[in-house]
Amino acid sequence: MADEEVSDPKALLEERSKAKCVSQWYEYQKCVKRIENDETGHKHCTGQYFDYWKCVDKNVAEKLFDLLK
């Protein structure tokens, strides 16, 4: 048992969950494209980025705790 490689099920679930959050990823990419020429540094896409990861986390949470029990 000590020689076995321990894997993180969360990382695998995150990769699988990203496909369910395409619309949030698309909104984030639109924002990045929209502000790419901003030289002031005041514009950002933090809200869209967090919306994307909130979606991924929600999908992961539904399955992760079942695996850990």
Side-chain angles (χ1 to χ4, degrees):
M1 183 91 166
D3 294 339
E4 292 182 24
E5 183 75 25
V6 178
S7 64
D8 182 9
K10 184 176 184 264
L12 177 63
L13 290 172
E14 280 180 349
E15 285 302 315
R16 291 179 181 171
S17 296
K18 288 178 180 180
K20 295 179 181 178
C21 301
V22 172
S23 64
Q24 289 87 349
W25 180 253
Y26 178 68
E27 289 300 318
Y28 171 66
Q29 290 298 317
K30 278 187 359 185
C31 179
V32 169
K33 184 75 172 163
R34 186 173 57 245
I35 68 165
E36 68 185 7
N37 294 325
D38 175 39
E39 295 180 12
T40 66
H42 294 290
K43 297 179 183 177
H44 57 83
C45 299
T46 306
Q48 291 85 350
Y49 181 77
F50 283 128
D51 288 344
Y52 170 69
W53 280 104
K54 180 180 176 183
C55 176
V56 172
D57 286 343
K58 179 180 179 284
N59 287 300
V60 167
E62 293 172 356
K63 297 177 182 85
L64 180 64
F65 291 105
D66 291 336
L67 292 174
L68 297 176
K69 289 183 181 178

Donor-acceptor pair between His42 and Thr40 side chains, under 3.5 angstrom: no

Hydrophobic cluster identity match, Val22 and Val32, side-chain contacts under 4.5 Å: no

Shortest non-hydrogen contact from Glu27 toward Gln48: O-CG, 4.0 Å

Co-membership, hydrophobic cluster, residues Phe50 and Val56, 4.5 Å side-chain: yes

Ile35 versus His44, closest heavy-atom pair with distance: CD1-CA, 3.7 Å

Asp57 side chain near Glu14 side chain, heavy-atom distance below 4.5 Å: yes

Rounded distance [0.5 Å steps], CD in Glu36 versus SG in Cys45: 10.5 Å

Glu62 with Lys58: basic N within carboxylate O range, under 4.0 Å: yes

Within 6.0 Å of NZ in Lys18, more than 12 heavy atoms from elsewhere: yes

Ring-ring centroid check Tyr28 Trp25, cutoff 6.0 Å: yes

Closest heavy-atom pair and its distance - Asn59, Lys20: OD1-CD, 3.7 Å

Nearest-0.5 Å distance that lies between atom CG in Asp51 and atom OG in Ser23: 9.5 Å

